[in-house]
Amino acid sequence: MSTEGAKRQPKYQRIADELRDAIQAGQYRPGDRLPGENDLMAEHGVARMTARQALGVLQSEGIVESRKGAGVFVRSFRPLRRQGIQRLARSQWGEGRSVWSVDTEDRTLVVDRVRVAEQGAPEHVARVLGVEEGGPVCVRSRRFVLDGKPVLLATSYLPAGLVAGSAIAQEDTGSGGTYARLAELGSEPVHFREEIQSRMPTAAEAEQLKLPAGTPVMLVCRTAFTAEGRAVEVNEMILDSASYILEYAFDA
């Protein structure tokens, strides 16, 4: 940016840019405490609100996090690289491995808040699955926590008649997860479609993912299809955007 352009920037933005540059240069490492509001006020000759806004910019970008009573710190969480194609290969779930094992490597993953119930299909889900609106679907909701940080909320919808009595209707679906169980039921997924959007979270989503104010989420809606083209699962996922890098590797 030109000097003239920098001068036109709000003061809080210039301070935020300087702090971001310092973090990227390694002056502040993951886990380090940034200068507080009083420090920034004295160094830059600005009001408290300006200093607060500068720190807020970095919080909204997911670069730093505020710890009540302690200050603002550079985030130490390492973003998760989500390999969108490799993770869904049959060689993963077909051999009893979780699709998450491609992404997480040796990191600690915990799945909590698991809920499984039969409910009426929402209109958009019913349309994709080819069932009547309000018709019975098995709904599986859960939260994924990586290295102690909630990173994703997922809700899967499957035709109730297809999965009734199987492990899919239980909290623990067993090795290989839902896709391995669908294969056992004669409805093996062979094709997937993912649609990705971005928006701000609802209050409930922000609470469950423990998001700093201003952090957007990514919505990934995945549909699984059988060889006959029948949709057997709609999985709506809400990702903490600051915790993910989406990677898609494929041949030309």
Side-chain angles (χ1 to χ4, degrees), residues 82-90 92-94 98-100 103 111 113-144 150-174 176-209 211 216-241 244 246-248 250:
R82 182 183 188 273
Q83 301 185 45
I85 296 176
Q86 295 92 325
R87 69 199 309 271
L88 294 174
R90 194 191 189 286
Q92 283 296 120
W93 51 265
S98 163
V99 296
W100 275 76
D103 306 331
V111 182
R113 303 189 182 184
V114 180
R115 302 287 186 274
V116 184
E118 185 174 300
Q119 298 177 12
E123 188 276 333
H124 68 288
V125 171
R127 184 173 64 253
V128 176
L129 291 179
V131 301
E132 290 186 9
E133 181 178 352
V137 289
C138 176
V139 182
R140 299 183 52 83
S141 62
R142 59 268 190 215
R143 182 178 73 164
F144 293 82
V151 295
L152 178 144
L153 307 174
T155 303
S156 293
Y157 302 86
L158 304 101
L162 172 64
V163 304
S166 74
I168 294 174
Q170 306 298 317
E171 288 191 8
D172 184 359
T173 56
T178 295
Y179 297 147
R181 303 293 80 77
L182 283 171
E184 294 168 357
L185 293 171
S187 295
E188 177 182 338
V190 301
H191 177 71
F192 298 93
R193 180 183 67 217
E194 288 193 344
E195 300 172 319
I196 302 173
Q197 301 179 39
S198 180
R199 63 164 168 77
M200 298 306 295
T202 65
E205 292 164 354
E207 186 279 326
Q208 291 190 74
L209 290 172
L211 299 176
V217 291
M218 291 183 288
L219 281 68
V220 179
C221 181
R222 180 170 69 232
T223 306
F225 299 89
T226 65
E228 296 74 33
R230 179 189 178 193
V232 289
E233 183 211 34
V234 174
N235 188 354
E236 297 181 335
M237 293 162 277
I238 300 169
L239 289 64
D240 170 9
S241 63
Y244 275 90
L246 303 186
E247 178 180 302
Y248 295 90
F250 47 86

Hey, could you give me the [atom1]/[atom2] distance between [X] and [Y], rounded to the nearest 0.5 Å?
X	Y	atom1	atom2	answer
H191	E228	NE2	CD	13.5 Å
T178	N235	OG1	CG	8.0 Å
L153	M237	CG	CE	11.5 Å
F144	D240	CZ	CG	14.5 Å
H124	Y157	NE2	OH	5.5 Å

- Task: Quick one: list whatever passes side-chain contact (heavy atoms from CB on, under 4.5 Å) with T223, sequence neighbours left out.
- Result: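 Scan of T223 (side-chain contact (heavy atoms from CB on, under 4.5 Å), adjacent residues dropped) gives V128, R193, F225, A231, V234.
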- Would you check if S187 and L162 make a side-chain contact, meaning some heavy-atom pair closer than 4.5 Å?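 Answer yes - side chains close enough.
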- Message: Does any part of the side chain of P150, heavy atoms only, come nearer than 4.5 Å to the side chain of R113, both counted from C-beta?
- Response: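 Side chain of R113 against side chain of P150, heavy atoms only: no contact under 4.5 Å found.
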Nearest atoms (heavy-atom pairs only) where [X] meets [Y]:
X	Y	value
G84	Y248	CA-CE2, 3.7 Å
P201	V217	CB-CG1, 3.8 Å
P216	S241	O-OG, 2.7 Å
C138	A169	SG-CA, 4.2 Å
A126	A121	CB-CB, 3.9 Å

- Exceeds 12 heavy-atom contacts within 6.0 angstrom, atom CZ of F250: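 No.
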- Message: Name the residue from I196, I238, L152 that meets the side-chain contact (heavy atoms from CB on, under 4.5 Å) definition with V220.
- Response: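 Exactly one pass, corresponding to I196.
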- Query: In this structure, which one of L182, V137, L129, V125 forms a side-chain contact (heavy atoms from CB on, under 4.5 Å) with L158?
  - Reply: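 Output: one option passes, namely L182.
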- Task: Take L246 and L239 through the test side chain to side chain contact (heavy atoms under 4.5 Å, CB included) and record every step on the way to the result.
- Result: CA-CA 11 Å; L246 303 186; L239 289 64; 4.1 Å; yes
- Quick one: ring pair (Phe, Tyr, Trp, His ring centres under 6.0 Å) partners of Y244, sequence neighbours excluded?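 Ring pair (Phe, Tyr, Trp, His ring centres under 6.0 Å) check on Y244 returns nothing, list empty.
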Which residues pass the salt bridge (Lys or Arg N to Asp or Glu O under 4.0 Å) test with [X], not counting sequence neighbours?
X	result
E123	R127
R199	E205
R82	E194
R90	E188

- Looking just at side-chain N and O atoms, do R222 and S156 make a donor-acceptor pair shorter than 3.5 Å?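 Side-chain D/A pair, R222 to S156: absent.
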- Does the R143 side chain pair with the main chain of Q208, one donor and one acceptor, at a distance under 3.5 Å?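 Such a contact is found between R143 side chain and Q208 backbone.
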